[in-house]
Amino acid sequence: KKAFDDNIMDFPMAKPNHNQTWGDIKGLYETFMSTTGNFYLYMLKGEFSGEPQQVYVLPAHLMQIVLKPGASMEGMESPISHYILIEGNRFVKFEESEVIHIKTPNPEYGLNGEHLYGLSPLRAALRNIQTSNSAIDSNIKTMLNSGAFGFLHGKSQALTEPQAKE
């Protein structure tokens with residue numbers, strides 16, 4: 001058996017839904033993957049056929065993964081019970097089988113399912129950003145104090161010559 005097929009297939013639908021084009025879906029995919037590390041696609045399936053009739057992008061920053069009670073992260077079965085879209089005080093439940101979840105790799109493994117979410121590229125860069133911000137803050141404080149970086153002085157009086165030579 002082959003792991004992939006060289007045949008090019010047509011899109012199963014001309015448009016994903018009444019409000020979006022496939023170009024919109026691609027743009028939202030790139031945006032959510034770049035900002036949150038996650039992309040959720042909801043498939044509205046036909047009542048009798050079970051085939052997707054429309055697909056919608058779910059806002060990745062508002063999605064929560066809900067685990068099955070007593071779920072094992074090491075088992076053969078998916079630990080995911082369902083997904084919840086949380087917007088303000090509204091909660092919308094989506095069954096696991098209705099959602100395609102694509103994520104970036106996440107090395108932050110946890111028994112509570114932390115690794116089931118993608119690692120945001122922004123979060124991965126956060127330490128570098130914080131370090132840069134700290135350096136800028138430190139430089140601003142030095143300039144506001146009108147002092148030179150690394151220069152020592154006495155607290156209430158000038159240093160004596162022997163103190164300065166030390």
A side-chain contact here means heavy atoms from C-beta on lying under 4.5 Å apart; do [X] and [Y] qualify?
| X | Y | answer |
| --- | --- | --- |
| Met33 | Ile102 | yes |
| Leu119 | Pro105 | no |
| Ile25 | Tyr56 | no |
| Pro59 | Leu85 | yes |

Please say yes or no: joined through hydrophobic side-chain contacts below 4.5 Å, possibly via intermediate residues, are [X] and [Y] part of one cluster?
| X | Y | result |
| --- | --- | --- |
| Leu58 | Ile84 | no |
| Ile100 | Ile80 | no |
| Val55 | Val99 | no |
| Phe91 | Val66 | yes |
| Tyr42 | Leu62 | yes |

task: Could I get the full list of salt bridge (Lys or Arg N to Asp or Glu O under 4.0 Å) partners for Glu95, not counting sequence neighbours?
output: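 Testing Glu95 for salt bridge (Lys or Arg N to Asp or Glu O under 4.0 Å), a comparison that skips the adjacent residues, returns Lys93.
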Check ring-ring contact (aromatic ring centres under 6.0 Å, His included) between [X] and all other residues, then give those that pass, not counting sequence neighbours.
| X | value |
| --- | --- |
| His115 | Tyr109 |
| Tyr29 | Phe39 |
| Phe48 | none |
| Tyr40 | Tyr83, His101 |

Rounded to the nearest 0.5 Å, what separation is found between the [atom1] atom of [X] and the [atom2] atom of [Y]?
| X | Y | atom1 | atom2 | value |
| --- | --- | --- | --- | --- |
| Lys15 | Asp24 | NZ | CG | 8.0 Å |
| Thr104 | Asn38 | OG1 | CG | 6.5 Å |
| Lys103 | Leu116 | NZ | CG | 6.5 Å |
| Ile65 | Asn112 | CD1 | CG | 12.5 Å |
| Gln54 | Lys45 | CD | NZ | 14.5 Å |
| Gln20 | Lys26 | CD | NZ | 14.5 Å |

message: Please list all pairs meeting side-chain hydrogen bond (donor to acceptor under 3.5 Å, both in side chains) that have one or both residues in residues 57-71, counting only residues at least two apart or in different chains.
response: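 Listed by first then second residue: Lys68-Glu77.
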- prompt: Taking atom types as modelled, is there a side-chain donor on Glu96 or Ser81 under 3.5 Å from an acceptor on the other?
  reply: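 No, no side-chain donor-acceptor pair sits under 3.5 Å.
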query: Taking the side chain from Asn106 and the backbone from Glu108, do they hold a donor-acceptor pair closer than 3.5 Å?
result: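 Yes.
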Nearest heavy atoms of Pro79 and Ser72, plus distance in Å: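 Minimum heavy-atom separation between Pro79 and Ser72: CB-O, 4.0 Å.
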message: I need the minimum non-hydrogen distance between Ser49 and Gln53, along with the two atoms involved.
response: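 Smallest interatomic distance, heavy atoms only, reads OG-NE2, 3.6 Å.
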message: Between Leu67 and His82, does the side chain to side chain contact (heavy atoms under 4.5 Å, CB included) criterion hold? Intermediate values first, please.
response: CA-CA 7 Å; Leu67 301 178; His82 57 278; over 6 Å; no
